[in-house]
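Every chain is numbered from 1 and lettered A, B, ... according to where its sequence line falls, protein lines coming before strand lines.
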Protein chains: 2
Amino acid sequence: MSDRTESRGRIIASARRLFYEAGYENTSYADLAAAAGVPKGNFYYHFKSKDELLGAVLEARHADVAAALDTWAAQARTPQEGLRRFVRMVMSEEEALVAYGCPVGSLLTELGKHRDDLREAARAVMDLYVEWLTARFTELGHPARHAEVLAKRLLARAQGAIVMAHAYGDQALLRRELKDIEAWLSEQAPT
Amino acid sequence: MSDRTESRGRIIASARRLFYEAGYENTSYADLAAAAGVPKGNFYYHFKSKDELLGAVLEARHADVAAALDTWAAQARTPQEGLRRFVRMVMSEEEALVAYGCPVGSLLTELGKHRDDLREAARAVMDLYVEWLTARFTELGHPARHAEVLAKRLLARAQGAIVMAHAYGDQALLRRELKDIEAWLSEQAPT
DNA sequence: AGGCAAATCAGACGATCGTCTGACACCGAG
DNA sequence: CTCGGTGTCAGACGATCGTCTGATTTGCCT
């Protein structure tokens, strides 16, 4: 019921990429049609507005992130390992992050200036990370409230590193900051 | 020569506010005309394109930041005091930062997806902070290269805190992170 | 083969975008 | 009083935006 046709999936995949690389407002239906190989008349059969299309894109990303977090939780045998895996995931996306920023963070920045409903959908993706990281910090023995503070601090530091690296187009900056974040992490996770 | 007329200044002031609160691409000449009380036909007498208007806005912000940094440098009697003053400045802007994000950071995020020339003008404002903070860390005895790393790390942490606080509309988050940054700062600045 | 809903596609629609033109108001110099 | 330049303003321009309609094709069911 969610992915009725193949072209619907192609539209979502193209939109996901374009919204990320060029921004939501800055991506037109003409761009989407060209990228997806689907005439724009067809878009309104699947999504009755551009906002609804972004909703579907966020839904897809939400599902992907949730699946990835499940995998990590299953593979990491200690909370420390889980936290480090998060940082390593950011590292593995270095090139795209330097070129386009954080897919969730930059979208939140763009939507934050208007459009409360879509902003909530984007924040839901961020919440997945917050909750998963909070669980890891809790396992480390931090009381619940402080665990969430640490989770958001970790995310804030990652966001900041990405913003600066993106602003300066500086991949070394991102790598260096992520290393520093890892060092900070091992202080929070006494072995 | 730079501010030939009063209406030119009104246009820049309005544009500066609207570009910040609503975003650059999302602010139309109709919006600007309504906010500045200047008919849009007049805009092209002062600025021959919207991009040039943004250039003037960035120039104004650049001048303001440079002036503020000069004042701080004169008032702060120790490098520690200067660094703390930077954090306090961010604190004093809490409400706007939570509502709209960082004026420089969010603009860099928006422009980073396209428009290389304007991105450079925005980055010039960020560079003012980088250079000023680098000078303070150098005064603390850090070698030049490491001082710049610390300056960018401080800015990255501030950016990240603002992005998260903006995403969640959470002023307490911003205040808490800034306090943590201050604590981190005093570790880098052994008295 | 025939029928019918699901899916596809081309193109028109009004609105709005950034840009530009040309006429008009103001005002000190001659 | 006249002139010329600086600044002001209303409105038109083509382009492009997101949206929508109607006709057409596809593919499954009997």
Side-chain angles (χ1 to χ4, degrees), chain A residues 1-58 107 110-111 113-119 121-122, chain B residues 1-58 107 110-111 113-119 121-122:
Chain A
M1 181 177 289
S2 81
D3 49 354
R4 293 200 305 267
T5 69
E6 183 228 343
S7 86
R8 187 180 196 269
R10 279 232 307 279
I11 292 174
I12 291 182
S14 291
R16 183 167 166 176
R17 192 169 59 83
L18 287 181
F19 287 170
Y20 174 39
E21 294 178 3
Y24 173 60
E25 303 274 7
N26 208 58
T27 301
S28 72
Y29 270 92
D31 298 332
L32 289 169
V38 171
K40 67 175 183 169
N42 196 352
F43 281 67
Y44 278 76
Y45 175 74
H46 298 288
F47 315 97
K48 63 174 185 287
S49 76
K50 198 185 174 189
D51 287 5
E52 190 176 306
L53 172 56
L54 177 56
V57 167
L58 286 171
L107 187 62
E110 181 180 356
L111 297 176
K113 308 223 164 191
H114 40 150
R115 290 190 200 296
D116 288 357
D117 48 338
L118 289 174
R119 181 172 160 186
Chain B
M1 181 177 288
S2 84
D3 49 354
R4 294 200 304 267
T5 68
E6 183 228 344
S7 85
R8 188 181 196 270
R10 279 232 309 278
I11 290 173
I12 292 182
S14 291
R16 183 167 166 174
R17 192 170 57 83
L18 286 181
F19 287 170
Y20 174 38
E21 295 178 1
Y24 173 61
E25 302 275 6
N26 208 58
T27 300
S28 71
Y29 270 90
D31 298 332
L32 289 169
V38 171
K40 68 175 183 170
N42 197 353
F43 282 66
Y44 277 78
Y45 175 74
H46 298 287
F47 315 95
K48 64 174 183 285
S49 75
K50 197 186 174 187
D51 287 6
E52 190 176 306
L53 172 55
L54 177 57
V57 166
L58 285 172
L107 188 61
E110 180 180 357
L111 296 177
K113 309 224 164 192
H114 39 147
R115 288 185 201 299
D116 288 357
D117 49 336
L118 289 173
R119 181 173 159 186

Q | Below 4.0 Å: OP1/OP2 of dA7(C) and any side-chain N or O of S7(A) | A | no

Q) Is any side-chain N or O of S28(B) closer than 4.0 Å to OP1 or OP2 of dT16(C)? A) no

Can you measure [X] atom [atom1] to [N] atom [atom2] for me and round it to whole angstrom units?
{"X": "L32(A)", "N": "dC9(C)", "atom1": "CG", "atom2": "P", "result": "16 Å"}
{"X": "Y45(B)", "N": "dA25(C)", "atom1": "OH", "atom2": "P", "result": "17 Å"}
{"X": "N26(B)", "N": "dC17(D)", "atom1": "CG", "atom2": "P", "result": "15 Å"}
{"X": "E25(B)", "N": "dC17(D)", "atom1": "CD", "atom2": "P", "result": "12 Å"}
{"X": "F47(A)", "N": "dG18(D)", "atom1": "CZ", "atom2": "P", "result": "15 Å"}
{"X": "I11(B)", "N": "dC9(D)", "atom1": "CD1", "atom2": "C1'", "result": "12 Å"}
{"X": "F43(B)", "N": "dG7(D)", "atom1": "CZ", "atom2": "C1'", "result": "14 Å"}

Under 3.5 Å, which protein N or O atoms sit close to an N or O of nucleotides 19-21 of chain D? Give each pair with its distance.
unit_1  : atom_1 : unit_2 : atom_2 : d
dT19(D) : OP2    : Y44(A) : OH     : 2.3
dT19(D) : OP2    : K50(A) : N      : 2.8
dT19(D) : O5'    : Y44(A) : OH     : 2.6
dT19(D) : O4     : K40(A) : NZ     : 3.3

Q: Give the minimum heavy-atom separation between L18(B) and L32(B), together with the two atoms involved.
A: CD1-CD2, 3.8 Å

Do [X] and [Y] come close enough that some side-chain heavy atom pair is under 4.5 Å?
{"X": "I12(B)", "Y": "R8(B)", "answer": "yes"}
{"X": "F19(A)", "Y": "L53(A)", "answer": "yes"}
{"X": "D117(A)", "Y": "R115(A)", "answer": "yes"}

Q) Is it true that the NZ or CZ of K48(A) lies under 6.0 Å from the centre of F43(A)'s six-membered ring and within 45 degrees of the ring axis? A) no

Q | Partners meeting ring pair (Phe, Tyr, Trp, His ring centres under 6.0 Å) with F47(B) (sequence neighbours left out) | A | none

